[in-house]
Amino acid sequence: MDDSFIRKLPKAELHLHLEGSFEPELMFAVARRNKVDIPFKSVKEVRAAYRFSNLQDFLDIYYRSANVLRTEEDFFDLTLAYLKRVAADGVVHAEVFFDPQTHTARGIPFNVVTDGILKALAAGETQFGITSKLILCFLRHLDEADAFVAFKQAEPYFDRLTGVGLDSSEVGHPPSNFARVFAAARAEGLKLVAHAGEEGPPEYVWEALDVLHVDRIDHGNRALEDPKLVQRLAAEQIALTVCPLSNLKLCVVKDMKAHPLRRMLELGLRATVNSDDPAFFGGYVYDNFSAVHEALELTVSETLALARNSILGSFLSGREKARHLDALNAFAAN
Ligand code: HPA
Ligand code: ZN
């Protein structure tokens with residue numbers, strides 16, 4: 001299998017934080033036009049600072065870099081740059097996260113953030129043919145009352161939002177803390193996802209399923225520690241949005257050769273490959289496929305299964321999924 005097979009393979013990305021796609025080059029340009037100081041002199045210096053020993057290490061830098069984003073144009077440019085970049089990676093559909101509380105806490109109005117993103121998602125479909133869905137993530141290091149404020153601010157956008165998620169510092173902030181706001185989102189017909197089992201224990205994955213009633217689990221690595229949980233995830237074909245390079249950079253795995261992705265497929269789990277925060281973790285979705293392909297020596301059929309899972313695990317309609325799966329089968333046959 002050559003590299004162009006992986007690059008051209010039609011795929012969906014289901015775990016991408018827009019703020020995590022903020023490349024240093026764009027960060028400098030936006031900082032300059034907004035007259036915001038950043039504590040780095042060069043792109044090289046920024047990249048050198050991206051060494052993390054755990055999730056919190058990364059989050060500290062990630063929230064600091066988001067502070068540069070101020071205007072609707074900034075959020076537009078951020079989002080369109082991501083779509084332009086992954087158009088070259090065979091991404092046909094993207095379901096992207098944003099963290100409005102990170103911005104509203106700094107005095108940036110909710111609509112400035114959301115309008116910029118939504119306009120870019122529309123432009124990305126026109127310019128690159130990539131369809132997309134937007135998922136609002138609640139920050140779990142803040143309390144549920146704060147999540148409810150964001151949820152209320154989102155109300156005028158419910159028809160343009162696909163779902164809600166849960167991200168930020170996992171350990172010590174179990175999904176059950178957000179039971180009521182997730183129930184309210186569910187009552188509005190929004191889809192539900194949550195980061196669980198990245199650093200947190202299998203119990204957090206159980207809570208995401210049984211208390212929040214999520215449709216997908218983001219990461220889910222530590223679910224493998226609990227055979228009953230694996231059975232449940234496999235039986236219900238709950239998609240896991242796995243992020244190999246993120247796992248490596250945040251020391252969730254010691255070595256890519258030790259990554260559990262193949263084991264997940266062997267256990268019958270609907271695992272997918274995603275980039276999480278590509279500007280910080282050293283690669284976009286192609287680089288993630290490529291890294292696991294090389295380290296785990298994945299076969300063509302395993303690689304195709306990962307792309308198929310990305311379509312099946314998406315929030316596209318049954319008809320749209322069928323259309324993408326047909327295209328994937330046609331690609332595989334060539
Ligand atoms: N985990 C939790 N929160 C996040 C992440 C992540 O990998 N990326 C951005 N916010
Ligand atoms: Zn994430």
Side-chain angles (χ1 to χ4, degrees), residues 12-23 27 50-67 69 75 78-79 82 86 94-103 105 113 117 133-142 146-147 150 163-175 177-178 191-201 204-205 207-208 212 214-223 239-253 259 261 271-285 287-288 310 313:
E13 174 144 61
L14 306 180
H15 186 155
L16 180 282
H17 301 265
L18 285 171
E19 295 89 344
S21 72
F22 199 15
E23 290 287 349
M27 196 193 306
Y50 291 175
R51 304 168 122 262
F52 317 108
S53 51
N54 56 39
L55 173 60
Q56 193 58 51
D57 253 13
F58 154 70
L59 290 171
D60 293 343
I61 284 205
Y62 165 82
Y63 294 128
R64 244 188 291 150
S65 88
N67 174 48
L69 298 162
F75 289 94
L78 172 74
T79 304
Y82 161 71
V86 295
E95 301 190 351
V96 300
F97 301 137
F98 74 126
D99 290 338
Q101 289 157 289
T102 300
H103 313 299
V113 177
I117 293 172
K133 299 201 182 282
L134 183 59
I135 298 171
L136 183 165
C137 279
F138 300 120
L139 298 180
R140 68 202 308 160
H141 67 271
L142 303 176
D146 211 298
V164 299
L166 188 65
D167 67 1
S168 195
S169 321
E170 185 182 5
V171 174
H173 305 285
N177 288 358
F178 297 87
K191 299 286 188 187
L192 310 176
V193 300
H195 283 55
E198 181 184 19
E199 288 186 343
Y204 285 21
V205 180
E207 284 190 9
L212 302 188
V214 297
D215 299 287
R216 268 194 322 240
I217 296 287
D218 295 315
H219 294 295
N221 300 47
R222 291 196 58 194
L240 303 181
T241 63
V242 181
C243 306
L245 286 172
S246 165
N247 292 159
L248 187 65
K249 297 287 176 182
L250 301 187
C251 307
V252 167
V253 297
H259 197 282
L261 188 69
T272 64
V273 170
N274 309 272
S275 69
D276 208 3
D277 302 280
F280 294 84
F281 299 150
Y284 286 77
V285 68
D287 306 294
N288 276 275
S310 75

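Ligands are counted one by one from 1 in listed order, and the atoms in each one are counted from 1 as well. None of the values given here were measured: they were computed from a predicted structure.
Under 4.0 angstrom from ligand 1, there are no non-hydrogen atoms of D218. With a 4.0 Å cut-off on non-hydrogen atoms, E19 does not touch ligand 1 at all. With a 4.0 Å heavy-atom cut-off, ligand 1 is reached by the side chain of Y62 but not by its N, CA, C or O.
Taking the Zn ion (ligand 2) as reference, the nearest N/O/S atom within H17 carries the name NE2. The name of the N, O or S atom in H195 nearest to the Zn ion (ligand 2) is NE2.
Close approach to H219 involves these atoms of ligand 1, each under 4.0 Å from a residue heavy atom: 7 (O). The ligand atoms of ligand 1 that sit less than 4.0 angstrom from a heavy atom of D277 are 5 (C), 8 (N), 9 (C). If you number the atoms of ligand 1 from 1 as listed, the ones under 4.0 Å from a heavy atom of E198 come out as 1 (N), 2 (C), 6 (C), 7 (O). Heavy-atom contacts of F58 reach the following atoms of ligand 1: 8 (N), 9 (C) (cutoff under 4.0 Å).
For the residue pair D146 / Q101, a side-chain donor-acceptor distance below 3.5 Å is found, with atom types taken as modelled. There is no side-chain donor-acceptor pair under 3.5 Å between Y62 and T102. Between D277 and Y50, the side chains place no donor N or O within less than 3.5 Å of an acceptor N or O (distance only, hydrogens not considered).
Contact between S21 and A279 at its shortest, heavy atoms only, is C-CB, 3.7 Å. Summarising the geometry of D218 relative to T241, their closest heavy-atom pair is OD1-OG1, 2.6 Å, with the distance given to 0.1 Å.
For atom 5 (C) of ligand 1, the nearest protein heavy atom (residue, atom name, distance) is H17 NE2, 3.6 Å.
For a threshold of 3.5 Å applied to N or O pairs, the pair formed by D276 and ligand 1 contains at least one separation below that value. Between D99 and ligand 1, no pair of N/O atoms sits closer than 3.5 Å. Residue contacts with ligand 1: S246 is placed with no nitrogen or oxygen under 3.5 Å of a nitrogen or oxygen of the ligand (distance criterion only).
Angle subtended at the Zn ion (ligand 2) by D276 OD1 and H15 NE2: 80°, rounded to 10 degrees.
Between the CZ atom in F22 and the OG atom in S65 there is a gap of 6.0 Å [rounded to 0.5 Å].
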Handout entry: Derivation and outcome, ring-ring contact (aromatic ring centres under 6.0 Å, His included), residues F58 and F280
Key = CA-CA 8 Å; F58 154 70; F280 294 84; 5.4 Å; yes
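For the side-chain contact (heavy atoms from CB on, under 4.5 Å) test with I135, the passing option among R216, K191, H15 is R216; the others fail.
Distance alone, capped at 3.5 Å, places no donor-acceptor pair between the N177 side chain and the H173 backbone.
The closest approach between S168 and ligand 1 falls below 4.0 Å for a heavy atom of the residue.
Between R222 and E170 no salt bridge is recorded (no basic side-chain N to carboxylate O distance below 4.0 Å).
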